[in-house]
Asker: 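One structure, as structure tokens, below. Some questions next.
Here, residue 1 is the first one in the sequence, and each next residue gets the next number. Everything numeric in this text was worked out from a predicted model, so none of it was measured. All values below come from the heavy atoms of this structure, side chains included, with hydrogens, waters and symmetry mates left out.
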Amino acid sequence: MTSGSGVRITWTLGAHGWADCVLEDHHTKADLTASYITSAPEEFLTAVVQLLSGERETRVQFEAEPTAYRWIFYREGEDVWSRVLELRAGSDHDNRGTEIWSGLLDVDQLSRAVIRCFDEVAQTYGESEYRAKWGEHFPRTELEALRRLSRTHQRPRGT
């Protein structure tokens, strides 16, 4: 579990319609897989937007056919506790999953890590190659919504 030490998220496109997501901090690394059968990138970005907007709990699920990875965010004040569960099937209840990562982050740390992740995806692939490899458009609308909300949310340093 991380506590305030930061997190790095990477999203790497593989074979058509598949992506690998790596989540790591100073203590743990988790490898997740996502298939284009769901709108995983858009839903991931939207979940973080909802947290910044004041939601206390959001979720996103990456389908890996048949495995699923469920990312659960719980917000209290400026802190977000994140859990990633690996499930044998996407329809399984949370209690059937195995926790592969958990961490406590500041909501601003989380939003910056997600923005950085998708900025790197855009820089690496460009929007046309992204569409060719993933099978859907780059989630520009969701990324820009997160970027705008993140700018208005960030606290002054030292508070």
Side-chain angles (χ1 to χ4, degrees), residues 2 6-25 28-75 80-103 105 107-151 153:
T2 185
V7 65
R8 176 156 171 76
I9 305 165
T10 57
W11 185 270
T12 306
L13 299 175
H16 181 75
W18 291 94
D20 294 314
C21 179
V22 177
L23 168 63
E24 57 189 319
D25 60 25
T28 310
K29 178 180 174 185
D31 295 296
L32 295 70
T33 301
S35 164
Y36 74 109
I37 65 168
T38 63
S39 301
E42 293 86 347
E43 292 171 11
F44 183 44
L45 288 158
T46 298
V48 178
V49 165
Q50 291 169 336
L51 285 171
L52 277 173
S53 298
E55 289 289 323
R56 293 181 50 86
E57 180 179 337
T58 62
R59 295 165 172 258
V60 63
Q61 184 160 301
F62 299 169
E63 294 293 339
E65 304 175 58
T67 304
Y69 297 94
R70 188 171 300 147
W71 202 323
I72 308 167
F73 301 101
Y74 304 98
R75 181 175 176 178
V80 176
W81 180 47
S82 302
R83 296 178 67 207
V84 178
L85 304 176
E86 181 176 359
L87 301 131
R88 292 174 65 109
S91 60
D92 285 351
H93 188 277
D94 292 350
N95 64 11
R96 304 231 17 223
T98 301
E99 185 175 281
I100 61 170
W101 189 89
S102 68
L105 297 166
V107 69
D108 292 331
Q109 281 182 312
L110 175 63
S111 67
R112 284 192 305 268
V114 173
I115 290 168
R116 225 178 357 259
C117 170
F118 283 94
D119 280 348
E120 289 172 3
V121 170
Q123 183 177 359
T124 300
Y125 301 102
E127 295 194 24
S128 61
E129 184 181 348
Y130 178 92
R131 180 172 168 77
K133 290 181 85 59
W134 180 247
E136 297 294 334
H137 290 286
F138 182 79
R140 176 66 55 201
T141 301
E142 293 82 1
L143 177 58
E144 292 309 320
L146 177 57
R147 191 184 319 278
R148 278 190 306 276
L149 194 54
S150 181
R151 284 186 193 127
H153 181 267

Asker: Taking the side chain as everything from C-beta on, heavy atoms only, tell me whether Arg83 gets closer than 4.5 Å to Tyr74.
Answerer: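 Counting from C-beta outward, Arg83 and Tyr74 do come under 4.5 Å.
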
Asker: Report the residues that fulfil ring pair (Phe, Tyr, Trp, His ring centres under 6.0 Å) with Trp18, sequence neighbours left out, ordered by chain and then residue number.
Answerer: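 Applying ring pair (Phe, Tyr, Trp, His ring centres under 6.0 Å) to Trp18 gives none.
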
Asker: Mind checking the OG1-CG spacing from Thr12 to Asp20? Nearest 0.5 Å is all I need.
Answerer: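 So the OG1 of Thr12 and the CG of Asp20 are separated by 6.5 Å.
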
Asker: Are Pro139 and Trp134 side-chain neighbours, meaning at least one heavy-atom pair lies under 4.5 Å?
Answerer: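 The answer is no, as the side chains (C-beta and beyond) never meet within the 4.5 Å cut-off.
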
Asker: Return a table of donor-acceptor pairs under 3.5 angstrom between the side chains of residues 140-147 and protein atoms on other chains or two or more places apart.
Answerer:
{"unit_1": "Arg140", "atom_1": "NE", "unit_2": "Glu127", "atom_2": "OE2", "d": "2.9"}
{"unit_1": "Arg140", "atom_1": "NH1", "unit_2": "Glu144", "atom_2": "OE2", "d": "3.1"}
{"unit_1": "Arg140", "atom_1": "NH2", "unit_2": "Glu127", "atom_2": "OE2", "d": "2.7"}
{"unit_1": "Glu144", "atom_1": "OE1", "unit_2": "Arg147", "atom_2": "NE", "d": "3.1"}
{"unit_1": "Glu144", "atom_1": "OE2", "unit_2": "Arg147", "atom_2": "NE", "d": "3.4"}
{"unit_1": "Glu144", "atom_1": "OE2", "unit_2": "Arg147", "atom_2": "NH2", "d": "3.3"}
{"unit_1": "Arg147", "atom_1": "NH1", "unit_2": "Asp119", "atom_2": "OD2", "d": "3.1"}
{"unit_1": "Arg147", "atom_1": "NH2", "unit_2": "Asp119", "atom_2": "OD1", "d": "2.7"}

Asker: Would you say the side chain of Ile72 lies within less than 4.5 Å of the side chain of Glu57, judging by non-hydrogen atoms?
Answerer: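 The answer is yes; the side chains approach within 4.5 Å.
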
Asker: Using a 4.5 Å cut-off on heavy atoms from C-beta on, say whether the side chain of Leu45 contacts that of Phe118.
Answerer: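 Yes, their side chains come closer than 4.5 Å.
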
Asker: In terms of ring plane angle, is the pair Phe44 and Phe73 parallel, tilted or perpendicular, where the classes change at 30° and 60°?
Answerer: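 Phe44 vs Phe73 ring planes: parallel.
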
Asker: Supply the atom-to-atom distance Ser39 OG to Glu63 CD, rounded to the nearest 0.5 angstrom.
Answerer: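 Going from OG on Ser39 over to CD on Glu63, the span is 11.5 Å.
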
Asker: Can you tell me how far OG1 of Thr10 sits from CZ of Arg116, rounded to the nearest 0.5 angstrom?
Answerer: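 Rounded to the nearest 0.5 Å, the CZ-OG1 separation comes to 12.0 Å.
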
Asker: What's the verdict on side-chain hydrogen bond (donor to acceptor under 3.5 Å, both in side chains) for Thr58 and Gln50, showing C-alpha distance, side-chain angles and the deciding distance?
Answerer: CA-CA 7 Å; Thr58 62; Gln50 291 169 336; 4.9 Å; no

Asker: Flag the pair Glu65 / Ile37 as yes when at least one side-chain heavy-atom distance between them is below 4.5 Å, and no otherwise.
Answerer: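 In contact.
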
Asker: Taking atom OG of Ser82 and atom CG of Leu23, what is their separation to the nearest 0.5 Å?
Answerer: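 Those atoms lie 8.0 Å apart.
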
Asker: Has the side chain of Arg70 got a donor or acceptor atom that lies under 3.5 Å from a matching backbone atom of Asp92?
Answerer: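 Yes, because the side chain of Arg70 sits within donor-acceptor range (under 3.5 Å) of the backbone of Asp92.
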
Asker: Give a yes or no on whether Tyr36 atom OH has more than 12 heavy-atom contacts from other residues, nucleotides or ligands under 6.0 Å away.
Answerer: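 No, because the 6.0 Å sphere around OH of Tyr36 holds 12 heavy atoms or fewer from other groups.
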
Asker: Taking the side chain from Thr67 and the backbone from Ala64, do they hold a donor-acceptor pair closer than 3.5 Å?
Answerer: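 Here the side-chain-to-backbone pair does not exist.
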
Asker: Is it true that the side chains of Trp101 and Asp25 contain a donor and an acceptor less than 3.5 Å apart?
Answerer: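 Distance-only check passes for Trp101 and Asp25.
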
Asker: Checking side-chain contact (heavy atoms from CB on, under 4.5 Å) for the pair Trp71/Gln61: CA distance, chi angles, key distance, verdict?
Answerer: CA-CA 6 Å; Trp71 202 323; Gln61 184 160 301; over 6 Å; no

Asker: Quick one, Val84 and Ser102 - any side-chain contact, counting heavy atoms below 4.5 Å?
Answerer: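 With C-beta onward as the side chain, the pair stays apart.
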
Asker: Compare all side-chain heavy atoms of Ser128 with those of Phe138 and state whether any distance is below 4.5 angstrom.
Answerer: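 Sidechains of Phe138 and Ser128: no contact.
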
Asker: Working to the nearest 0.5 Å, report the span between CD1 of Ile100 and CG of Leu32.
Answerer: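 It comes to 4.5 Å.
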
Asker: Quick one: do Arg59 and Asp94 make a salt bridge, cutoff under 4.0 Å?
Answerer: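 A salt bridge links Arg59 with Asp94.
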
Asker: Examine distances only and state if a side-chain atom of His137 and a backbone atom of Arg131 form a donor-acceptor pair shorter than 3.5 Å.
Answerer: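 Side chain of His137 to backbone of Arg131: no pair is present.
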
Asker: Let's go through Leu13 and Tyr130 carefully: what are the C-alpha distance in whole Å and the side-chain angles of both, what is the deciding distance for side-chain contact (heavy atoms from CB on, under 4.5 Å) to 0.1 Å, and is it a yes or a no?
Answerer: CA-CA 8 Å; Leu13 299 175; Tyr130 178 92; 3.6 Å; yes

Asker: Report yes if the side chains of Cys21 and Thr33 come closer than 4.5 Å at any heavy-atom pair, otherwise no.
Answerer: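 No, every pair of side-chain atoms sits at 4.5 Å or beyond.
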
Asker: Check whether the ring centres of Trp11 and Phe62 lie less than 6.0 Å apart, and answer yes or no.
Answerer: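 When the ring centroids of Trp11 and Phe62 are compared, they turn out to be within the sub-6.0 Å range.
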
Asker: With rounding to the nearest 0.5 Å, note down the distance linking CZ in Arg151 to OG in Ser111.
Answerer: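 It is 11.0 Å, given to the nearest 0.5 Å.
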
